[in-house]
Amino acid sequence: MTIRAGMGYDLHRLAKGRKLFLGGLEIPFSAGLVGHSDGDALVHALIDAILGALGEADIGQIFPDRDPRYENIRSTELLESVMTKVRKKKLRIIHADAVVVAEAPQLGPSFPDMKKRLGPILGLPAGRLGLKAKTNEGLGLIGRGRAIACWAVVLVGGEKD
Ligand SMILES: [Zn+2]
């Protein structure tokens with residue numbers, strides 16, 4: 001039995017006139033995350049955590065933002081592609097936990113739907129996927145509503161070493 005931990009972090013700027021994608025959902029809000037893809041910082045943090053546990057390069061190297069294939073792509077598609085790597089190595093996700101730091105919108109009410117969206121992709125029941133929301137107490141760029149940041153940790157396990 002092998003168990004590997006991975007951690008991921010991501011931050012995207014918020015801009016008016018963009019749709020907000022977070023945790024695989026489109027969330028009604030006055031601004032959205034700027035990115036080559038849909039800007040879903042929560043999914044990106046989860047992807048980097050998984051890639052870290054696999055000992056692979058980070059998300060920016062695997063899905064480069066110069067590549068037109070990834071322009072405006074839904075990040076859940078990138079997550080599905082990373083999960084293919086996990087299964088190819090005969091590994092699985094045991095547990096994932098994430099923190100989203102956003103001054104607004106309030107994300108707690110969206111967490112059950114995010115778990116329903118992300119759980120099947122990660123192969124996790126809702127009880128093995130932790131999602132938490134924090135504000136930045138009005139401080140800094142996140143506190144002024146200019147950006148949203150996410151941290152994620154995952155445990156990846158498999159039979160072999
Ligand atoms: Zn990102």
Side-chain angles (χ1 to χ4, degrees), residues 4-87 91 93 95-108 110-111 113-124 129-136 139-156:
R4 306 164 180 196
M7 71 169 293
Y9 166 77
D10 196 25
L11 178 147
H12 282 252
R13 285 184 296 120
L14 276 165
K16 303 252 180 240
R18 269 186 78 92
K19 290 179 175 175
L20 176 62
F21 292 99
L22 210 52
L25 304 182
E26 185 183 335
I27 295 172
F29 190 51
S30 56
L33 295 170
V34 178
H36 184 66
S37 66
D38 63 6
D40 191 327
L42 173 52
V43 171
H44 295 177
L46 284 165
I47 287 174
D48 253 356
I50 294 166
L51 290 171
L54 299 186
E56 299 253 353
D58 65 45
I59 185 172
Q61 292 181 55
I62 293 187
F63 307 110
D65 61 11
R66 302 173 300 280
D67 192 326
R69 277 181 300 169
Y70 306 126
E71 193 170 358
N72 293 322
I73 195 171
R74 289 298 301 270
S75 298
T76 42
E77 285 185 48
L78 306 179
L79 182 60
E80 278 166 4
S81 154
V82 167
M83 286 307 297
T84 304
K85 286 180 189 289
V86 172
R87 287 188 288 268
L91 296 166
I93 311 291
H95 181 262
D97 189 20
V99 184
V100 185
V101 190
E103 211 63 22
Q106 251 202 340
L107 294 168
S110 299
F111 285 161
D113 285 339
M114 286 186 195
K115 290 184 181 192
K116 274 187 208 146
R117 179 76 186 99
L118 299 178
I121 300 174
L122 294 164
L124 291 176
L129 174 55
L131 295 174
K132 301 175 299 296
K134 308 278 289 181
T135 71
N136 220 31
L139 296 174
L141 291 173
I142 295 171
R144 290 204 297 276
R146 301 275 304 278
I148 289 178
C150 298
W151 281 259
V153 293
V154 297
L155 279 184
V156 174

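Residue indices begin at 1 and follow the sequence shown. We count ligands from 1, going down the list as the structure has it; atoms in each ligand are counted the same way.
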Distance filter under 2.8 Å, centred on the Zn ion (ligand 1) - protein N, O or S atoms that pass it: Asp10 OD2, His12 NE2, His44 ND1
Do Asp10 and His44 have side-chain atoms, one donor and one acceptor, less than 3.5 Å apart? yes
Any side-chain heavy atom of Leu122 sitting closer than 4.5 Å to one from Leu79? yes
When every non-hydrogen atom of Lys19 is compared with those of Glu26, the smallest separation belongs to CD-OE2, 3.4 Å
If you take all heavy atoms of Lys115 and Pro120, which pair is closest and at what distance? O-CD, 3.9 Å
Which residues pass the side chain to side chain contact (heavy atoms under 4.5 Å, CB included) test with Val82, sequence neighbours left out? Ile47, Ile50, Leu51, Phe63
Should the heavy atoms of other residues, nucleotides or ligands under 6.0 Å from CZ of Arg66 be counted, would the total exceed 12? no
